[in-house]
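First comes the structure, then the notes that go with it.
Below, chains carry the letters A, B, ... as their sequence lines are ordered, and counting in each starts from 1.
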Amino acid sequence: MIDLKLLERDFENIASKLKTKGVKEEDLKEIKKLFEEKKEIQTVFEKYQAKRNSLSKEIGLLMREGKKDEAETIKTKVNDIKVKIEELNEKLKKIEEKLNQKALSIPNIPDSDVPVGKDEDDNVEIKRVGEIPVFDFEVKSHDELGEELNWLDFKAGVKLAKSRFTVLKSEAARLERALINFFLEHNRSYGFEEVYVPFLVNSQTMTATGQLPKFKDDLFKIEDEDLYLIPTAEVPLTNLFRDEIIADLNEPVKLTAYTPCFRKEAGSYGKDTKGIIRQHQFDKVELVAITKPEDSDKMFDEMVECASNALEKLGLAYRQLMLCTGDLGFSAAKTIDLEVWIPSQNRYREISSVSNTRDFQARRGKIRYKDGKKNRLVHTLNGSSLAVGRTLVAIMENYQTKDGKIKIPEVLQKYI
RNA sequence: GGAGAGAUGGCUGAGUGGUCGAAAGCGGCGGCCUUGAAAGCCGUUGAACUCGCAAGGGUUCCCAGGGUUCGAAUCCCUGUCUCUCCGCCA
């Protein structure tokens, strides 16, 4: 959630920054107004409560002394106040609910070094790494290769579930597992501690990291339960610290986890319908870090480096992209995407996304640390290292041979 | 799924209508003592919001949400979770 006090204090600035992310100024104006109204009502409300409390105390004392009549007089007085309190309470609750609902739907403020832009076409390439492979034969797409080699069974996925689910067979299944192991080990070498988490989480958890309330339609929900399938391990990993005050954050918290991820992919019908680029279920190894505010920039670079290096070890060509304001995710203040070369599409495709959310998630989830006597909000960061399914795609396509087979990258051989 | 018990501060745990944000112990922090440490002694030690330039106030929070009452950690209702036993199960 954005800082409402900051919004109140520095409205013009915040509004202009959020405008680049598609937030209407009138929505922010309304939030500011609600916030100010709320505080006003609250002040009056609390004054009445204070009055009630002190009078009630008096009644107690009078009763003890046996002065029943005097007590009765005060009682009628308190009764009048009670009516007022009830009234104000109702008003306050209504306004708080409205404010909360509105404020939770406002995305994070982009960092000032994030390029301003409308959509993905305005993202800025930072660098390209690795040689794009040249083939002296007609390259096949991963879905062609997958069917020919009996690695990917699209029909079986549809039979078991529905479209955008796929069954991996033989070498592909083993390669998937090898990649998970490889990434976890790789991340561990960067100091990220491996964690294993639930794949189902409750609505409070989803709210803290920003999936709820706004993106309900993208999530799979369990019927009759307050449980959702996670869209990324970022959700459980970050929420490990929800409502916590971390005593010592001199060393950042660094975690990594493998989980499957579940996404409805609402609004992406017709996109990437072939192959396994866009699935309802996919594997991902995630990085999450929690830092002091002053340490988050450094951690961000470290996470980009970690994910990039994994691609280099696999010998895959990729590029780094700084997302523009219009393409930035809801919770992110800044994001760098890694895109891997996909020969059959003759272009780079997203394989990792590293984001700094600053204190946006921390405020929602009340994740704080002790800074001397004070409790301060932490910064939270997350990034994929890496998306496993898309790495499988990249390996299949980049490592294909003329006779329609696929070589296994050297670093993976010990896992297979 | 069935039966029972429970949920209080960082932890253990007392508190059954008013003076309770809450005893006591442990832990943490500061000090005394000590060459240093331990022990011992003394002091201190929750969070959120809000008013105020500040000093300093106020409100809320004893699992959550309702209710009774002038007044609720304490009484009533609903829900959630935890533990124990049984059933089922990898």
Determine which nucleotide pairs with [N], using a 3.5 Å limit on both distances of a Watson-Crick or G-U wobble pair.
N: B:rG79; result: B:rC63
N: B:rU69; result: none
N: B:rA3; result: B:rU84
N: B:rU12; result: B:rA24
N: B:rG30; result: B:rC42

Take atom [atom1] in [N] and the same atom in [M], then report the distance between them in whole Å.
N: B:rU82; M: B:rU44; atom1: P; answer: 39 Å
N: B:rU16; M: B:rC53; atom1: P; answer: 44 Å
N: B:rU35; M: B:rA48; atom1: C1'; answer: 48 Å
N: B:rG57; M: B:rG52; atom1: C1'; answer: 8 Å
N: B:rC77; M: B:rC70; atom1: C1'; answer: 23 Å
N: B:rC76; M: B:rC81; atom1: P; answer: 22 Å
N: B:rC62; M: B:rA72; atom1: P; answer: 11 Å
N: B:rA90; M: B:rC11; atom1: C1'; answer: 34 Å

Less than 4.5 Å apart, any side-chain heavy atom of [X] and any of [Y]?
X: A:His379; Y: A:Ile290; answer: no
X: A:Asp122; Y: A:Pro115; answer: no
X: A:Met1; Y: A:Gln361; answer: no
X: A:Thr209; Y: A:Arg364; answer: no
X: A:Pro260; Y: A:Phe262; answer: yes
X: A:Asp3; Y: A:Ile109; answer: no

Which part of the nucleic acid does [X] contact within heavy-atom distance under 4.0 Å: base, sugar-phosphate only, or nothing?
X: A:Lys68; value: nothing
X: A:Asn53; value: sugar-phosphate
X: A:Lys374; value: nothing
X: A:Ile59; value: base
X: A:Lys5; value: sugar-phosphate

Leading and trailing nucleotides of RNA chain B with any atom under 4.0 Å from heavy atoms of chain A: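 Nucleotide range in contact with chain A: B:rG18 to B:rG71.
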Verdict with supporting geometry, A:Glu193 and A:Lys254, salt bridge (charged side-chain N to carboxylate O under 4.0 Å, His left out): CA-CA 6 Å; A:Glu193 188 195 344; A:Lys254 295 162 73 179; over 6 Å; no
Ring centres under 6.0 angstrom apart (A:Phe330, A:Phe215):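 That pair passes the under 6.0 Å test.
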A:Lys366 vs A:Lys51, nearer the 5' end of RNA chain B by closest nucleotide: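 It is A:Lys366, whose closest nucleotide lies nearer the 5' terminus.
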Earlier contact from the 5' end, RNA chain B, for A:Gln49 and A:Arg368: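 Checking each residue's closest nucleotide, the 5'-ward one belongs to A:Arg368.
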